[in-house]
Amino acid sequence: PHEVAELLPVAVRDRWEVGIRLCPDAQRDPEAPAETDAFGMTGPEAAAAVALLRRAGLGIASVHLHLRSNIPGPDLPSTALLQAAQICSG
């Protein structure tokens, strides 16, 4: 979220359409299952970024998340999308 705070004045001034990259809680590193994947904001980081953007009058234009191709079952995509929706809805 510190990157969001740093870029926020420019985003507001230039009316950026902002997206976030979420690393869903359910997506784990297969080589270290106790860890999330390396890319994207964690849930709490994304929620903080969304709050900063909203306070500045900006919305979220998109959410990007990456799920590996070796997902363990059909619940992972829906769980990840639900988390993204909850973060964006505040």
Side-chain angles (χ1 to χ4, degrees):
H2 71 282
E3 292 96 343
V4 174
E6 291 289 324
L7 292 169
L8 196 57
V10 177
V12 170
R13 182 193 70 212
D14 294 346
R15 300 181 196 179
W16 286 0
E17 291 189 17
V18 180
I20 60 170
R21 180 168 178 163
L22 173 66
C23 180
D25 293 341
Q27 179 63 53
R28 311 311 283 180
D29 182 339
E31 295 175 9
E35 302 294 326
T36 58
D37 269 347
F39 300 107
M41 293 183 220
T42 65
E45 290 171 338
V50 168
L52 279 172
L53 292 164
R54 284 209 173 113
R55 281 195 299 272
L58 296 174
I60 303 299
S62 64
V63 176
H64 173 85
L65 53 92
H66 175 75
L67 301 177
R68 294 177 178 267
S69 60
N70 60 343
I71 59 174
D75 293 336
L76 181 61
S78 60
T79 301
L81 289 172
L82 180 60
Q83 181 185 12
Q86 289 170 336
I87 288 169
C88 290
S89 67

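Everything quoted here is computed from the prediction, not taken from an experiment. We use all heavy atoms of the structure for the numbers below, so side chains are in, but hydrogens, waters and symmetry mates are not.
Put simply, the residue from L82, L67, L65 that forms a side chain to side chain contact (heavy atoms under 4.5 Å, CB included) with P77 is L67.
Residues V63 and A84 share a closest heavy-atom pair of CG1-CB, 4.0 Å. Q83 and P24 get closest at one heavy-atom pair: OE1-CA, 3.2 Å. Shortest non-hydrogen contact noted between V4 and A49 is CG2-CB, 3.8 Å.
No donor-acceptor pair closer than 3.5 Å links the side chain of E6 to the backbone N or O of E3.
From L52, atom CG reaches atom NE2 of H2 across 12.0 Å, with rounding to the nearest 0.5 Å. Atom CG of L81 and atom CG of L22 lie 9.5 Å apart (nearest 0.5 Å).
With a 4.5 Å cut-off on side-chain heavy atoms, C88 and I60 count as touching. At a threshold of 4.5 Å between non-hydrogen side-chain atoms, the residues H64 and I20 do not count as touching. Annotation: side chain of L58 is in contact with side chain of L8 (closest heavy-atom distance under 4.5 Å). Between V10 and W16, some side-chain heavy-atom pair lies under the 4.5 Å cut-off.
With sequence neighbours left out, the side-chain hydrogen bond (donor to acceptor under 3.5 Å, both in side chains) criterion links T79 to no other residue.
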